[in-house]
Amino acid sequence: MSLETLEIWASEGLDICKLSPRSWEVSIDYFNSSTDVQRHLPSAQFISWTKIGKRLTKLSIDVAKSYFLSSPKSMLRIRPRHLDDWANLSSKLYKGTWKSAKLSSKFFEATPLLMEYISFEEWAKYAEFLNNLSKRSYDLAIDSLELSISLFEKLDNDSGEVINLLLDSSEKSWKDIKMIFETINAYMIEVEAFNRNQILNLSRKLLVTGNINPIDTMKKTSSIVSKINNEDKDLFFNMAKSLSTIDPKSCNDFFDVVPILLEKINFQQISSWHSHGIKNSENQNIELINDFFTLKSKESREIIDSLSSSIELSKVKDIIRNYSLALTGRQIEVKESSQLAEKNIGWFGDELATTEGSTIFMPSIVNRYLSKEENFGFLKVISTHQIGHIEFGSFDFDFKKSSNFFENLRINETINKKMLSNDYLTDLSKFFDIFNDKKLSLDIFTIFESTRVDSHIFSEYLGIINIYTDIRDSALANRPQIKDLPVRESLVEFLIRISLGQNSNLYVPTEYSNEAKKLRHLIKTIASNKATVEDSAEATIRAYHILNEIKNEQIDEDEFEEFNADETNDQLEDENYKEEQIIQSLFSEFNQSNDNLDESSDNPENFESNELDNEYSSPQDIDYRGEFKPELSQLLSQMEYSENEFDDLDTNEPITQEQLEEMLKNSPEIEEFDQNMEESDNSKLSDVIENLMKELSNRDIENNQNDSGTLQHVDEDGGPLSATEDGTFTYDEWDFRANEYKNNWCMINEKVMPDGDSEFYKKTLNDNSHLLFQIKKQFELFIPEMYRKQKRLIDGEEHDLDAVLEAVIDLKTGITPDEKLYWRRNKHERSVAVAFLLDLSASTAEAIDDTKKSSDEWGAPDDPVEYMAWLRSRRTDGIRRSYKRIVDVEKEGISLLVNSLETLGDTYGIYGFSGYGRENVEFYTIKDLDEKFSEIIPKRIDRISPLHATRMGPAIRHTITKLSEVDTKSKFLFLISDGRPQDRGYSREGVEKEYAVHDTRQSLIEAKNKGITPFCLTVDKSGHDYMKTMMEDFSYEVLTDINMLPKRLPQLYKNLTT
Amino acid sequence: MTNEQNFVQQDIENFHITEEPFYVSTSDEVEIFESAYKQRVPVLLKGPTGTGKTRFVEYMAWKLSNSSIKKNISNTEKLPLITVACHEDLNASDLVGRYLLDANGTRWIDGPLTRAVKVGGICYLDEVVEARKDTTVIIHPLTDHRRSLTIDKLGTVIDAAPGFLLVVSYNPGYQNALKDLKHSTRQRFVALEFDFPDEEREAKIIMHESGCESEVAERLAKLGSKIRNLREHGLEEGASTRMLIYAGKLIQDGVPERRACQVSVTWGITDDFQIQRSIDEVVTSIFA
């Protein structure tokens, strides 16, 4: 340092000291730091450093102190030429208050740290940011400074975009600054630097141009970016950028839409959808553009649809349903897997295909392949497999039935003696009880049964083989390597691979190659198209016997050998000996397990788990085969088809909770459940049991009332009733047991439906204007049918050529000719009277397509007092509901029909019925037969709502009375119902159920005898069973999809009356 | 001016069935028909379309022609079969006969029913419910002990020849109440119910009629039975054997299997798009 400089330095120091009373403190710092600073600065700059210091001291002692204190370290980072700017920008924060002084000092002090991560230019911007903030709040600025330091450190030399964003945010939305820091910390640190900068840049751009909150942008985009691969990221940012220049708001919405779109289509496809939108935007206003990118516009959705290769179950449900109906001849419902999982009755897979014997459950969306065809193909394959379980009888297992290919070890006496002691709900439970290791037996049974179903499908449905094999192959490709598994599991995997069609490159543990041969033999036997579920069961016993003896130990890769696929018959020779052995071992195992249960019932697996073994775990799922729960399914389908197919079981006995518990505790399917849930506390299991009980009772109504003994024979008491009041009528009821009528047994209480609001009617007509148009057209079409050309009249429009010729001939042959020589377009007198009879029972309150709600809703108490209270509470629930009920659809159907009937001019009446007990059958007139249509009818339709029970007989009889009073050529009684007739003492237990059906049938016969044609339309899917009895000889239709009602009703009407 | 040909009646020989029609019986209907013929009890054939009602009558006409039953009854050589497809404008004189104008005046032409009555053949009224109500008046006396046909115009009553038998068919359209057979009519017949044959028999029929491979026939039969599961659930009638035979014929002629089924089964059976899709899926499951 030159002398001159030295002098200046010293005098400056003294000046500083003298400036103010406290400035001596500053001068200490000045002198202290000078040595270090001087080393980094040339003399000229060093002098200006001292001068700046002096200036700052004049400004504020604290600021100056920080300046000097931070200088030595700062000089390491700052180029000399930036010295001025540094000091100026920092000191600019000082506005004369102590808070600003604090900020400014802090900023000086932070400089060395900040400069470690950011350049001077960035620092300058950052200073500006702080300055902006300081105008709002010094505290905020100070906090931000602290946050920034830790943030910049994390961002590691790449903070430029952050600073840009901060700077703009400080102008546009300073209040969010802290949130922005948090968001960056939470979401952005993880993101790769390049993408992070893109996001920050985008956020800033949207903030500046569209005033869109950068926090949102960052959150949304970072979550999108985290989900997509690298190439797509570039694509995504390009899309976002081009959109942001057109309309920032749409760009923001675009971020919301992308995740939704990604479920359906891939990024390339999103990109082409996007460019469509961009192209359109050239000559559209902002709102239309926004509609496009928020999927509000139809065009936009159509583009997505056409691009999308995924198949949504909801769109193809009907096709699959009819497909299953065609294949099996049974009414099989199609639902989303999640709907079954929600019920919590033992199934868990949200996206796995499965069945419980009467419904097949499919994933809600299939998006495995690039084309729609392939995705549909997959859906078809998985549904065919599930249908196969039903069609080829997986759940029809009968313990006593012989198998086709094996000696029946099940029916062996030693085993049976042991089994007799227990009471089993299903035959499959009984079967699985043979085994000690339930999990292993279920796994084996699943493999065999699926193999059997697959091969049945292969032999029955040649057309599906190609795609089926493809899917099977890809399932095979995803299997774990045999060699990686412990021995027992490797053999199970070996079985699976064979069942998936693999024939070569199979490996088995060298030690067990003989066992592998036996296993292969078993599975090949099962793969015959003559094999039954009983064969699978027998094969399971044998395979179980083999596998259970094999320790599940981990062995080296070189202890495996390639399986020799050569078919040998040598294992058949010792078949007899082997079977003997199997029985012996099963028997002893069975004994053991029983003993074991006595001692420590908690863990029956105890005694067999060898310490050297790895615990056996079930093989990985095979995706297209889905979940297979034979035992539960058999239980449930047993309920569904009880009377016809499970004669040997005493189904009249209702299932008790205890029985169910017993079954589930032993069931291998629930062991699996325990694993899935990880924490297998009893409450979880009891939840399942409770849900299952509900499910079972829903399926079998008679079980619902299993403890309502007090109510059973109420109606047997008392005698005939007599109608004394106005509007009451008595009718006989048919007792099929006595084969005679009970005189005046029921009382009809006829009322006119009170008025409601005509809004419903109008709304229905509006909402269904298209359908309404169709119906009207249909109806109009058959008006001309009524104007038929009538021939052979005495007088008319013109001569009938045929008749005239005949007359001429007659004259010539000397016969008196006919006088009827004319024809005329005559109005063929259409003379039809129809009475619509609506079932207004409480069950019509059930929600459609909303299984959760309906199961909660429908739980009528059995006690009459409670029942009435329950009804009242339901009725006061309010008329407006967010979900649609069966009765709403009935109302819609009637509204539409009424409107069209008016064009036709037929006589028609609409009645509703319900009631509770024989003394009080409520009969509501909505429109009487001789009543003209007026404004009041829609109002009455509005008040159609679910009431009480369903006593059909008297209501039908009363309608007959009404119809007999009308003078038309043909008369029809159109009954619309949602289930079997039921009322107190009319259907509660077994015989009463029959009683109701027979009484209803009798009333219909009465109608027929009076020249009235009855027709019954039911929306009860299980309607076929009792309808067959009830409607024998009469026409009826079971509507599988209630939503079809409004459309179907007019069609039926037309068919019936023309 | 007169075109003679219009007035010439076809020779009764043209109504003889000379070659054995292919018919596979499904139960005892052949024996029942034989007994009915022997006892001269009229026969009513019930069943959906395409279940072989017409073919059955043809077959029986042929079979009876060559059987001892017929020889005991009448001494004519063959048993003619006269078939009338009924429609809604068909009236009594269409069946009985009428006078036609002639250059010389008029000439009487026997209707199909009259001819059958005279020569002693089988008269088969297909879809009899469709005919006008006045036809019942002439049917009734023919179907009870009188066995006579009244011809108003001629003022005569003809007794039926010993070989005569009236056979009618009808398809119980279960949703049409206005078109039903009257009880006074239906109770004059013994009724034979026709339904679709089982898969095995149907395959045999398809194979014979279409000349396709047995394996194709089996699969067509399977398709038929699967589609029939949809009856009453969107389909008004099940797939008829006839349809399946058509499909078999097309396949035999080289049309790809799936396409053949589509044109002859799927599209023919319904116009409902949803159901078509479902049937298509069944077709593509069964046929490659």
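Residue numbers begin at 1 in each chain, while the letters A, B, ... track the order of the sequences.
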Is the closest side-chain heavy-atom distance between [X] and [Y] below 4.5 Å?
| X | Y | result |
| --- | --- | --- |
| B/Ile138 | B/Thr150 | no |
| B/Phe196 | B/Pro48 | yes |
| B/Leu44 | B/Leu192 | no |

Please classify the contact of [X] with chain B as side chain, backbone, both or neither, using a heavy-atom distance under 4.5 Å.
| X | value |
| --- | --- |
| A/Glu806 | side chain |
| A/Ile467 | neither |
| A/Tyr468 | neither |
| A/Thr328 | backbone |

Is a side-chain donor or acceptor of B/Asn91 paired with a backbone partner of B/Asp94 at a separation under 3.5 angstrom? yes
As an exercise: rank B/Glu257, B/Gln276, B/Gln274 by heavy-atom pairs under 4.5 Å with chain A and give me the winner.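 Option with the top pair count is B/Gln274.
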Among B/Glu281, B/Lys222, B/Arg258, B/Arg219, which residue forms the greatest number of heavy-atom pairs with chain A at distances under 4.5 Å?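 Result: the option with the highest number of such pairs is B/Glu281.
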So that I can tick it off, tell me whether B/Arg277 and B/Asp280 are bridged by a salt bridge, with the cut-off set at under 4.0 angstrom between side-chain N and carboxylate O. no
Measuring heavy-atom distances to chain A, does B/Arg98 have an atom under 4.5 Å in its side chain, in its backbone, in both, or in neither? side chain
Part of B/Phe287 within contact of chain A (heavy atom distance under 4.5 Å):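 The backbone, not the side chain.
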For B/His87, check ring-ring contact (aromatic ring centres under 6.0 Å, His included) against everything at least two apart and list the hits. none
